[in-house]
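What's counted below: heavy atoms across the whole structure, side chains too, no hydrogens, waters or symmetry copies.
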Amino acid sequence: MSLHPVSDQRAVPCMLMRGGTSRGPFFLESDLPADRAARDRFLLAAMGSPDPRQIDGLGGAHPLTSKVGIVRRSHTPGVDLDFLFAQLQPNNDTVDVTPNCGNMLAAVLPFALERGLLPIAQGTTTARILTLNTDMQCDVTVQTPGGKLQYDGDARIDGVPGSAAPISINFLDTAGSVCPSLLPTGRTLDRITVPAASPFEVDATLIDNGMPMVLVRASAFGITGYEPAAELTANDALRARLEALRLAAGPLMGLGDVAAKNYPKMCLIAPPREGGAVSTRCFIPHVCHDSIGVLAAVTVATACVLPGTVADGIAAVGSAACQALSIEHPTGEFSVELETDQSGQVVRAALLRTARPIMRGEVLVPAHL
Ligand code: NQM
């Protein structure tokens, strides 16, 4: 952090990156205050939170554009890079570093190569990345023909216009990221009694294969599950019932009181309509996602291949040890390749994302912060 020479602002080097279907500034850890409270004050100011429009910062007035990536060379043997993801919000002053974000993760290696943390190889460059939020490791490969980062390409991901170079992510250990285990209640299905103004009971699968999630059938909430995301976000009665369920599920998942937390995420499922494995509408956790999060898709796909979950009888899945599952969402689909062992446990998840640098320079915040 340095004082801006011609003003009373402080300047911090930053790259604004799109990672998958998310966007946010990326920083080198060494450019940020070491003190956590000071770092969080800086991030809130940089993003313009709290403010619904984030008019005084870089945030895009939506949870998916209120994200920050912090990167450093790893100290862990066998690991190249450490990534800390921070979820901010337009409407409050939280800086949550508990959950993962597989979309922002897609931009970590390009950012690290841009900032010279690792050498660029010929053809493709692969790095092992440790997500510090949940101690999760993955291998990421980017295209580097001729020793230069390539962002242009033919890979398309739903939720992002156009096409770009593919970035492959191979997750090595996702089970029980924030929850104590993959199935924190020890069951694939729970009947939950939800205390609300009008109490109700609902069948749900409480699961965490990279993202703590509550899966329920859309039909249990009187909707089809094919409604547009904006229509569901505008449905206050539905959101109130989902929030009551989320608050009841949190302690059952070993997450304690989740009232002020960004997880578990809620996912309404319905039979696939486009030849995929299942149709989804995810709440993250209060706004309906226009597509689906990366680790949310891995977690939903995992529920689809486990017998006895709420997806049983809804999801269309095969029985091969390695299969690609297409998770349908409001703006298309998300393909996840899952590998299971002989006991049916998911041992590997692979997927494709894209990323692009949008701006590089310095973000300015008031110096008194
Ligand atoms: O699930 C949204 C996103 C995410 C998180 C969210 C994500 C993931 O789409 O890995 O990427 O669940 O808040 O960016």
For this session: Applying side-chain hydrogen bond (donor to acceptor under 3.5 Å, both in side chains), run through Gln54 and Ser66 and close with a yes or a no.
Result: CA-CA 9 Å; Gln54 293 173 316; Ser66 299; 3.1 Å; yes
Exercise. Distance only, no hydrogens: is a donor on one side chain within 3.5 Å (strictly under) of an acceptor on the other, for Thr331 and Asp290?
Worked result: no
Exercise. Taking the side chain as C-beta and beyond, is there a heavy-atom pair between Pro13 and Arg115 under 4.5 Å?
Worked result: yes
Problem set entry | Phe27 ring center within less than 6.0 Å of Phe42 ring center | yes
Exercise. Applying the side-chain hydrogen bond (donor to acceptor under 3.5 Å, both in side chains) test to Thr126, which of Thr144, Asp139, Thr141 qualifies?
Worked result: Thr141
For this session: Compute whether any side-chain donor of one residue and acceptor of the other, for Thr340 and Gln345, lie under 3.5 angstrom apart.
Result: no
For this session: Given side-chain hydrogen bond (donor to acceptor under 3.5 Å, both in side chains), test Asp190 with Thr185 step by step and report yes or no.
Result: CA-CA 8 Å; Asp190 282 279; Thr185 63; 2.7 Å; yes
Exercise. Side-chain donor-acceptor pair under 3.5 Å between Ser326 and Glu333, yes or no?
Worked result: yes
For this session: Go through the structure and list residues passing salt bridge (charged side-chain N to carboxylate O under 4.0 Å, His left out) with Arg360, not counting sequence neighbours.
Result: Glu114
Exercise. Do other residues, nucleotides or ligands put more than 12 heavy atoms under 6.0 Å from the CG atom of Asp56?
Worked result: no
Problem set entry | Min side-chain heavy-atom separation Asp173-Met136 under 4.5 Å | yes
Problem set entry | Side chains of Ser49 and Pro90 in contact at under 4.5 Å (non-hydrogen atoms) | no
Exercise. If you measure from CG on Leu16 to CE on Met359, what distance do you get to the nearest 0.5 Å?
Worked result: 5.5 Å
Seminar exercise, completed: OG of Ser279 to CD1 of Ile327, rounded to nearest 0.5 Å, is 10.0 Å
Problem set entry | Residue Asn92 excluded, over 12 heavy atoms near CG under 6.0 Å | yes
Exercise. Can you check whether Val294 reaches Leu105 side chain to side chain, under 4.5 Å on heavy atoms?
Worked result: no
Scan the side chains in residues 160-172 for donor-acceptor partners under 3.5 Å anywhere in the protein, sequence neighbours excluded, and list what turns up.
unit_1	atom_1	unit_2	atom_2	d
Ser163	OG	Gly153	O	2.7
Asn170	OD1	Arg348	NH1	3.1

Exercise. Mind checking whether Pro357 and Tyr151 have side chains closer than 4.5 Å, heavy atoms only?
Worked result: yes
For this session: Decide whether Thr299 and Asn209 meet the rule of one side-chain donor and one side-chain acceptor closer than 3.5 Å.
Result: no
Problem set entry | Check: Cys282 and Met266 side chains under 4.5 Å, non-hydrogen atoms | no
For this session: Decide yes or no for Ile358 and Arg18: does some side-chain heavy atom of the first lie under 4.5 Å from some side-chain heavy atom of the second?
Result: yes
Exercise. Where does the angle between the aromatic ring planes of Phe26 and Phe111 fall among parallel (under 30°), tilted (30 to 60°) and perpendicular (over 60°)?
Worked result: tilted
Exercise. What side-chain hydrogen bond (donor to acceptor under 3.5 Å, both in side chains) pairs are there with at least one residue in residues 97-111, not counting sequence neighbours?
Worked result: Thr21-Asn103, Asp96-Thr98, Asn100-Thr134, Asn103-Arg353
Exercise. If you draw the axis of the six-membered ring of Tyr226, does the NZ or CZ of Arg273 fall within 45° of it and under 6.0 Å from the ring centre?
Worked result: yes
Exercise. More than 12 non-hydrogen atoms from neighbouring residues, nucleotides or ligands closer than 6.0 Å to CG on Asp341, yes or no?
Worked result: yes
For this session: Would you check if Pro264 and Val258 make a side-chain contact, meaning some heavy-atom pair closer than 4.5 Å?
Result: yes
Problem set entry | Any side-chain donor near an acceptor of the partner, Asn262 and Gln89, under 3.5 Å | yes
